[in-house]
Asks: 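The structure follows.
Read the numbers this way: they start at 1 and go in the same order the structure lists the ligands and their atoms.
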Amino acid sequence: MKIRFLLLVLPLCTLWPAEAAVAIANPGGRAAVSLDGKWRTIVDPYENGYYDYRLQPSKDGYFRNARPKDKSELIEYDFDASPALDVPGDWNSQREDLFFYEGTVWYKRSFDYAAKPGTRLLLYFGAANYEAIVYFNGEKLGTHIGGFTPFAFEVTGKVKAKDNFVVVKVDNKRHRDGVPTVNTDWWNYGGLTRDVTLIEVPETYVEDYFVQLQKGSANTVAGWVQLNGARASQRVTVSIPEAKASVDVTTDARGRAEFHFPAKLSLWSPENPKLYDVAIAAETDTVHDRIGFRTIETRGTDILLNGKPVFLRGVSVHEEAPFRAGRAFSVEDARILLGWAKDMGCNFVRLAHYPHNENMLREADRMGMLVWSESPVYWTIDWENPVTFANASNQAAESVARDQNRASIILWSVANETPVSAPRTAFLTRLVEQIRAADPTRLLTAAMEHHSEGATATTNPVVINDPLGAVLDVLGCNEYVGWYDGSPEKIDRTVWSSKYEKPLVMSEFGADALYGLHGEASARFTEEYQEDLFQRQTRMLARIPILRGTTPWVLMDFRSPRRSLPGIQDWFNRKGLVSVRGEKKKAFFVMQEFYRSKAAN
Ligand code: GCU
């Protein structure tokens, strides 16, 4: 027991690999060279490219991208003769023989580069699932753990004019102490799943910034700017030209400055997704970003958007690519998925169960879609393991840092369906406090579970009394009455109560249905069963006094290794309201009607 205690007091950073990692916000707003495209790959289930036969990290591993100097030299791998995979993209949906593959795949990309004087170079990854070890020209840069958040390493001074090579060991093996842990109801797509970019910045650059409305104010912009480089103390002007509003500040010796300034702004909302060009201009670097300004708060059991009560007409969405399946990543993927949600009458999406790609958030900003963003603390992770907490904490920090300027995000969710226990609640409460400290402007939530108070033939009383609810702003609750919990008629006698006078978002409810499979409403997996269940659910939901939002499970069918039923699931969770090809199931129209009536009220 003592050892564990000692570990708990060690500062987080000692538990987490930081190495030469660098931070940079808004990669899309910088000068850059894309490294997307075909990367050579070596599938390495035995990690032969990393360990020697004594399981010691080999100094001659595949990261050397070695080539035999002559016919007598023994080199037993050759990237350039190896198959290529697309980046961004997961390997499971690109190659049939890798469909179920979990393990290591080595990626290699070569490029030439004409150096620019006074320019720093950052090698940026939008995401890599799950563990990525990055090498540049044979030198190890660092390691990143977590499949859904960005990371970058500095390569200034390491880049040659010709034949540079990036080698990345990507390993998507699942770990009991991982985040997520070994079991999930989504496909463990492995690979360099988002853009890879070589970003060019000045010697001292604008590393990060936070520009939002001050908590509780609709006309004061507040935030901070962080510079990175030798010239830490500089004059920085933060301006919103269209609103004729700006402020001049001077960063301190650590390159940081806080600011606030008055601004008369058209507030962002689903009805008015107004984005402003915001400029953060330091003496050595200027970054532009498209930012919306809105306020979000709770008052009793109401959620107020720009001071007005709002009902979150939502749907849960996995980062599964429409039409082709596989890990989604592109602007087009985002537009299609959010477009289908709009067709349903949504003003809100729950992006489950991990931070989705940045294109999704920027499209949500542009299209006017409110967002619930979630950390992959899913089901039963290793609550008392400090390494697991450091991992979850790091992923939450990276997610907030990437998306803190997105108006669309109103809710940070720290977890999904986690079992109530003291270590668990302590773990999640620390995450809530961490995120609140980093971003005081948004609301905190989690997808919790309800507790039955004993169903009878006439009533099914259920209550939301998870202790975690005490530290959240908005209650999230998943329920499967009528699917995992009884049959649909049970929904009609279900009565909800809550220990907390707080707004509730019913974050999951639903049933599997194979598009085109028809039959009795009592026949599972038919569209009629799903339709009937949604008719009963929407009637029940309308009876819950504190309900302020719904995100049925789920917008589109998605792949899951837990769903093998032949001819029906075939490795897909079929709870989508649309199929992978966007075909709308009968239940889709039940939700559409429910949202039409909600929007009218
Ligand atoms: C759970 C879980 C989802 C899962 C869904 C289902 O509630 O949060 O990730 O896919 O139920 O069983 O379909």
Asks: If the condition is ring pair (Phe, Tyr, Trp, His ring centres under 6.0 Å), which residues does Phe323 pass it with, not counting sequence neighbours?
Replies: Trp340
Asks: Going by the rule salt bridge (charged side-chain N to carboxylate O under 4.0 Å, His left out), which residues pair with Glu433 if we only count those two or more places apart in sequence or in a different chain?
Replies: none
Asks: Would Arg562 count as a cation-pi partner of Trp186, with NZ or CZ less than 6.0 Å from the six-membered ring centre and within 45° of the ring normal?
Replies: no
Asks: Compile the protein residues with any heavy atom at a distance under 4.0 Å from an atom of ligand 1; present them by chain, then by number.
Replies: Asp185, His353, Tyr378, Asn416, Glu417, Asn478, Tyr480, Tyr484, Glu508, Trp553, Phe558, Arg563, Asn573, Lys575
Asks: With a cut-off of under 6.0 Å to the ring centre and 45° to the axis, is Lys598 in cation-pi contact with Phe311?
Replies: yes
Asks: Which donor-acceptor pairs under 3.5 Å do the side chains of residues 370-378 make with protein atoms, sequence neighbours left out?
Replies:
residue : atom : partner : partner atom : Å
Trp372  : NE1  : Glu374  : OE1          : 2.8
Glu374  : OE1  : Arg350  : NE           : 3.4
Glu374  : OE1  : Arg350  : NH2          : 3.0
Glu374  : OE1  : Ser413  : OG           : 2.9
Glu374  : OE2  : Arg350  : NH2          : 3.1
Glu374  : OE2  : His353  : ND1          : 2.9
Tyr378  : OH   : Asp185  : N            : 3.3

Asks: May I ask you to decide whether Glu47 forms a salt bridge with Lys173, counting only side-chain N to carboxylate O separations under 4.0 Å?
Replies: yes
